[in-house]
Amino acid sequence: MARLARTEGLNDVQQEILSTVRDFVDKEIIPVATELEHRDAYPTQIVEGLKELGVFGLMIPEEYGGLGESLLTYALTVEEIARGWMSVSGIINTHFIVAYMLKQHGTQEQKDYFLPKMAAGEIRGAFSMSEPALGSDVSAISSKGVRDGDDFVLNGQKMWLTNGGSATLVAVLCRTDEGHPEGTAPHKSMTTFLVEKEAGFGEVRPGLTIPGKIEKMGYKGVDTTELIMDGLRIPADRVLGGETGRGFYHMMDGVEVGRVNVAARGCGVAQRAFELGVLYAQQRHTFGKPIAQHQAIQFKLAEMATKVEAAHAMMVNAARKKDSGQRNDLEAGMAKYLASEYCKEVVEDSFRIHGGYGFSKEYEIERLYREAPMLLIGEGTAEIQKMIIGRRLLEEYQIQG
């Protein structure tokens, strides 16, 4: 099993980090994940353990108290955590995206104030782009931020915030018309606001309400919420980067690395599903022998392992491309698309191997079967990924002359 999804060319520090995280996953996450998931309980002890390991500051520069690691290291860490329980990797991902956006686009004052606290896990991040009526059509957002003296006043309703209740900092995308005349392209009149709040539900600061957790089929434990702004006042110095009209670009940069993260989550869940399937196939006997000795099951295991390897390779390629400073929207889109689709297929094949027991809540594969579908829509659906991939391919292969 350990032979699958290996990554060549890692240095000693990367190998040590991944070994430590893998050990933590095996000892502290896998034994309790299914029980916590069935209770929809927030994994407080697990999160505290990850804070002690420094995972919340993994990609935050050392000058701000982080580990200063690469996107590749982070993605491989997420892969390990998702192998244990995908919900925990979601808690890390939202935090990471906000920290990444601050690192790349924040003012110096914003970096100095937020990043050290985020590296220590004292401030936990979430980001808010979607709304109830728009889905993937980001240009149609209706939440607005209007200048009022030294503040902006925010109004609107946002949807699908992972970590919405637990987070104490939310990067919120709103439309701002200030300085953007009528007829300006929608993506040029959006601004990202850094909204600080109390953890919890209800009115978490004047003008800001987190109604409660959204009940979900899977992806439990982590809180997924709405966010309602009604006259929420935000100081102008909490505009990300100090300039309005750049929010769409900030969010897309964050989502791009988020897609590598979702690909990594798909790889981790698929790895765990394969592990469960290949073990069960050697323990379950039919017609006088382990089902692993039946050719039909061997074919299924072969297909599952190949998909795990292929998804992992594409995820690693996308992370390395981003780390090199090159544009990676094509690679990230491909990795997210392939990893999420293969994850669904590997989980279903493992479910089939388990037979009737796969339908029982006593078996871990039942949880994975409910978790995998979220990856098909998170950070953009398969259809959105195909649009991105198709457009980029036409750019690359455009007929000249």
Side-chain angles (χ1 to χ4, degrees), residues 60-61 63-65 94-131 138 141-159 161 163-181 184 186-211 225-254:
I60 294 174
E63 63 188 284
Y64 299 108
T94 56
H95 176 87
F96 155 69
I97 290 178
V98 178
Y100 175 82
M101 290 166 61
L102 274 161
K103 181 185 74 170
Q104 295 297 108
H105 308 291
T107 65
Q108 192 60 53
E109 184 274 334
Q110 290 168 351
K111 294 177 186 178
D112 291 341
Y113 178 79
F114 286 113
L115 289 181
K117 296 181 177 68
M118 296 186 80
E122 296 170 11
I123 288 179
R124 300 245 296 282
F127 78 109
S128 178
M129 184 167 58
S130 187
E131 295 183 0
V138 181
I141 68 169
S142 59
S143 297
K144 290 197 69 172
V146 178
R147 167 79 77 165
D148 183 18
D150 293 331
D151 298 336
F152 281 86
V153 179
L154 277 52
N155 289 282
Q157 182 180 5
K158 310 296 283 188
M159 194 67 174
L161 277 76
N163 228 26
S166 305
T168 51
L169 172 65
V170 185
V172 181
L173 185 66
C174 293
R175 187 177 303 283
T176 49
D177 296 331
E178 180 195 50
H180 310 290
T184 299
H187 66 278
K188 293 183 179 180
S189 59
M190 297 182 192
T191 299
T192 302
F193 293 92
L194 301 171
V195 178
E196 297 170 84
K197 71 175 188 66
E198 296 293 325
F201 302 99
E203 189 173 40
V204 291
R205 67 175 283 176
L208 179 63
T209 299
I210 306 293
T225 74
E226 298 176 70
L227 179 148
I228 299 172
M229 302 173 290
D230 184 9
L232 172 63
R233 300 189 74 89
I234 298 295
D237 64 5
R238 288 300 178 256
V239 169
L240 180 61
E243 180 184 353
T244 63
R246 300 291 301 169
F248 180 83
Y249 303 101
H250 297 157
M251 285 284 175
M252 289 304 103
D253 193 20

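Taking every heavy atom of both residues into account, I228 and P211 meet most closely at CD1-CG, 3.8 Å. Nearest heavy-atom pair across T94 and G125 is OG1-O, 3.1 Å. Heavy atoms only, all atoms of each residue included: K197 and G165 are closest at NZ-O, 3.3 Å.
Residues T192 and V239 are not in side-chain contact: their nearest non-hydrogen atoms beyond the backbone lie 4.5 Å or more apart. Side-chain contact between C174 and K144 is absent, with no heavy atoms from C-beta onward closer than 4.5 Å. Between F127 and V170 the shortest side-chain heavy-atom distance does not fall below 4.5 Å. F193 places a side-chain heavy atom less than 4.5 Å from the side chain of T176. Put simply, the side chain of K158 reaches to within 4.5 Å of the side chain of M229, judged on heavy atoms. Using a 4.5 Å heavy-atom cutoff, the side chains of M118 and L169 are in contact. Looking only at side-chain heavy atoms (C-beta outward), E243 and T191 stay at 4.5 Å or farther from each other.
To the nearest 0.5 Å, atom CE of residue M159 and atom OG of residue S128 are 10.5 Å apart. Separating the CG atom in D148 from the CD1 atom in I234 is a distance of 13.0 Å, to the nearest 0.5 Å. L173 CG to M190 CE: the interatomic distance, rounded to the nearest 0.5 Å, is 6.0 Å.
Geometric assessment of R238 against the ring of Y113 yields a positive cation-pi assignment under the 6.0 Å and 45° thresholds.
Residues forming a side-chain contact (heavy atoms from CB on, under 4.5 Å) with T107 (at least two apart in sequence, or on another chain): E109, Q110. Under the side-chain contact (heavy atoms from CB on, under 4.5 Å) criterion, E122 pairs with K117, A120, not counting sequence neighbours. The ring pair (Phe, Tyr, Trp, His ring centres under 6.0 Å) search around F248 returns H187, not counting sequence neighbours.
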With a cut-off of 3.5 Å and sequence neighbours excluded, list every side-chain donor-acceptor pair involving residues 198-209.
{"residue": "E203", "atom": "OE2", "partner": "G207", "partner atom": "N", "Å": "3.4"}
{"residue": "R205", "atom": "NH1", "partner": "E196", "partner atom": "O", "Å": "2.8"}
{"residue": "R205", "atom": "NH2", "partner": "R233", "partner atom": "O", "Å": "3.1"}

For residues 96-103, please give each side-chain donor-acceptor pair under 3.5 Å, one per line with the distance, not counting sequence neighbours.
{"residue": "Y100", "atom": "OH", "partner": "D253", "partner atom": "OD1", "Å": "3.3"}

How far apart are the C-alpha atoms of F152 and V146, what are their side-chain angles, what is the distance that settles it, and do they pass the side chain to side chain contact (heavy atoms under 4.5 Å, CB included) test? CA-CA 5 Å; F152 281 86; V146 178; 5.9 Å; no
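Identified under the side chain to side chain donor-acceptor pair (under 3.5 Å) test for residues 163-174, with sequence neighbours left out: S166-D223.
There is a side-chain donor-acceptor pair under 3.5 Å between S143 and E131.
Around CG of D112, the count of heavy atoms belonging to other residues, nucleotides or ligands within 6.0 Å exceeds 12.
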